[in-house]
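Below is one structure, written out as structure tokens, with a few remarks after it.
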2 protein chains.
Amino acid sequence: MSKIAIAIHGGAGTILKKDLTPEKEAAYLAALDNALAAGYSVLEKGGSSLDAVEQAVVSLENTPLFNAGKGSVFTKNGTHEMDASIMEGKTKMAGAVSLITGIKNPVSLARLVMEKSEHVFMAGEGALEFAKLHHCKTENSDYFYDEYRFQQWQAIKNADTFQLDHATNKDKKFGTVGAVAIDVNGTIAAATSTGGMTNKKFGRVGDSPMIGAGTYANNQTCGISCTGSGEFFIRGVVAYDVSCLMEYKGLSLQEACDTVIKNRLPKIGGDGGLIGVDKNGNLAFSFNTEGMYRGKKTSNETYVGIYK
Amino acid sequence: MSKIAIAIHGGAGTILKKDLTPEKEAAYLAALDNALAAGYSVLEKGGSSLDAVEQAVVSLENTPLFNAGKGSVFTKNGTHEMDASIMEGKTKMAGAVSLITGIKNPVSLARLVMEKSEHVFMAGEGALEFAKLHHCKTENSDYFYDEYRFQQWQAIKNADTFQLDHATNKDKKFGTVGAVAIDVNGTIAAATSTGGMTNKKFGRVGDSPMIGAGTYANNQTCGISCTGSGEFFIRGVVAYDVSCLMEYKGLSLQEACDTVIKNRLPKIGGDGGLIGVDKNGNLAFSFNTEGMYRGKKTSNETYVGIYK
């Protein structure tokens with residue numbers, strides 16, 4: 001029997017204690033606690049890591065606090081375009097969706113793609129057709145409306161692309177959620193979900209739905225879920241890079257995560273963080289930003305944190 | 001001054017001599033020769049590897065013989081949805097597009113995404129908006145019509161997903177084109193373009209537009225362009241895996257390519273092939289199928305081939 005373990009994140013960025021009221025901080029920590037509990041209870045009952053990461057991410061998608069599912073930011077057109085992916089480390093099966101609207105839990109749609117199709121990645125209207133066929137739960141735009149997100153969008157909606165991206169870079173909050181876990185059978189899984197960038201246009205796809213970049217799982221090495229400046233995570237193939245450093249160079253999980261996040265990623269200009277689990281049930285956090293909403297739980301430790 | 005070199009492919013699969021007429025074979029070889037010449041002439045004049053791979057892929061996109069650009073297969077809806085990506089190994093800048101219609105040269109749109117936006121990956125209608133803004137050359141559906149492709153589609157258009165995928169698997173022709181090159185400054189580039197799968201639906205995205213899976217370039221290691229069963233290339237993060245085997249395990253380009261294509265990829269059930277170039281101007285082909293349309297050119301060698 002393997003040691004069970006789970007870690008989650010709710011995004012990385014310039015998250016400073018002075019910017020969060022005690023109430024807001026408590027709300028974030030409670031949401032992280034809830035998501036950890038949702039995932040861990042699956043593992044504790046002998047359930048699969050795939051179910052555990054899905055349930056943890058569903059929990060994070062269902063709160064408006066994080067930029068994924070219900071809390072997704074507004075696009076340039078005032079809609080919500082979401083991305084998600086999931087991977088299982090024993091079979092290396094994976095599923096991913098991008099640019100989807102109106103789906104309550106994008107991570108569950110990614111899992112449907114993995115389990116009910118011969119494909120890995122579906123995007124846009126076509127992915128929604130597939131969702132409909134499989135009775136994936138939808139919500140109307142009221143569900144995704146959040147006053148705070150709306151004001152974020154209003155503040156920059158008339159900016160051109162460059163102002164937009166500059167503003168986004170200045171803001172440096174990378175809204176993504178994710179989970180990694182190992183179950184009693186030693187199977188690793190990872191999942192990531194995001195609402196993308198506020199005022200996003202041009203059908204931009206980030207790293208979250210990209211297997212190898214935002215999400216990766218392999219029973220021989222690790223499970224990884226990333227959050228950060230997506231373009232750099234794609235160019236760095238970040239999640240798989242951690243796995244390769246373990247498999248090909250023999251680094252430990254924490255060493256591999258830190259090598260990628262603190263050395264390789266900054267070299268190309270990227271910032272953000274990731275969470276990881278290895279085949280022995282070790283968990284790792286690594287981020288090169290001021291903070292990362294995060295949590296982890298094993299049989300003898302429960303931790304949630306925000307700041308560095 | 002570095003040794004200049006270029007390699008190209010036009011897809012891998014069950015390509016047997018008995019299935020090609022001498023005329024058809026000659027047409028394929030001539031098209032490969034033309035694409036090689038288009039890319040190599042850029043390198044010979046001291047041009048960049050980025051220009052060379054773009055020009056080689058444009059040449060392959062402009063012939064109806066290969067499944068990319070003009071020769072793209074039909075989707076379930078009778079349209080053409082194309083994917084492409086490009087990457088430069090010095091800066092590790094990259095661009096990619098997916099699910100685009102009506103663009104004459106998807107590889108050039110991928111390059112525009114890389115050079116004229118702060119994003120790496122754009123898809124669908126949004127990518128087309130970006131293309132319009134940058135006056136990317138379009139063509140109407142007549143341009144993409146090809147009697148042979150139309151008949152391929154008619155033969156399976158009423159099949160359901162599973163018959164479709166089974167038929168596709170039986171057919172085992174992976175329609176993709178790609179190029180890798182190194183220029184006089186030692187900069188490596190790689191590009192890939194595809195028309196996807198005949199009768200494709202659900203907005204399926206394959207490995208071709210995915211940096212790390214279908215395309216990768218890094219001046220310290222290699223440039224790679226893949227062709228094959230896209231879902232497996234995504235799960236195997238194939239292009240970046242070759243690079244990691246060179247960087248982290250010290251394998252040569254050919255050893256790394258063969259390890260991935262002949263050992264790691266078949267283990268998860270994938271077939272196809274790839275082309276590669278390393279920082280010393282060595283070129284490599286590797287495929288686990290009956291054939292791969294391919295070519296390479298250096299100052300002292302020109303080769304085009306189809307079968308094993």
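Just so we're clear, the structure is a prediction, and the values are computed from it rather than from any experiment. Proteins come first, then strands; the chains are lettered A, B, ... in the order of their sequence lines, and each starts at number 1.
- The most heavy-atom pairs under 4.5 Å with chain B, out of M87(A), K249(A), R235(A), come from R235(A).
- Residue F232(B) does not touch chain A at all, counting heavy-atom pairs closer than 4.5 Å.
- Interface remark: L245(A) contributes backbone and side-chain atoms alike to the contact with chain B (heavy atom separation under 4.5 Å).
- Only the side chain of E247(A) comes within less than 4.5 Å of a heavy atom in chain B; its backbone stays farther off.
- Both the backbone and the side chain of I211(B) come within contact range of chain A, with heavy atoms under 4.5 Å apart.
- From M122(A), atom CE reaches atom NZ of K201(B) across 9.0 Å, with rounding to the nearest 0.5 Å.
- Here the shortest heavy-atom pairing between C244(A) and D241(B) reads SG-OD1, 4.1 Å.
- Interface check for chain A: of the options G206(B), A127(B), G212(B), the most heavy-atom pairs under 4.5 Å are formed by A127(B).
- When the shell of 6.0 Å around CD of Q254(A) is examined, it contains more than 12 heavy atoms from other residues, nucleotides or ligands.
- Interface residue I268(A): only side-chain heavy atoms are found under 4.5 Å from chain B.
- When A213(A), G269(A), G126(A) are compared by the number of non-hydrogen pairs under 4.5 Å with chain B, G126(A) comes out ahead.
- E231(A) approaches E118(B) most closely through the heavy-atom pair CG-O, 3.4 Å.
- Crowding of E255(A) atom CD: a count of heavy atoms from other residues, nucleotides or ligands under 6.0 Å exceeding 12.
- Aromatic pair F130(A)/F202(B): ring centres closer than 6.0 Å.
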Listed pairs under 3.5 Å, donor-acceptor, residues 90-103 of chain B side chains, sequence neighbours left out:
unit_1 : atom_1 : unit_2 : atom_2 : d
T91(B) : OG1    : M93(B) : N      : 3.1
S98(B) : OG     : D83(B) : OD1    : 3.0

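- M210(A) places a side-chain heavy atom less than 4.5 Å from the side chain of M210(B).
- E129(B) and K76(A) are not joined by a salt bridge, as no carboxylate oxygen comes within less than 4.0 angstrom of a charged side-chain nitrogen.
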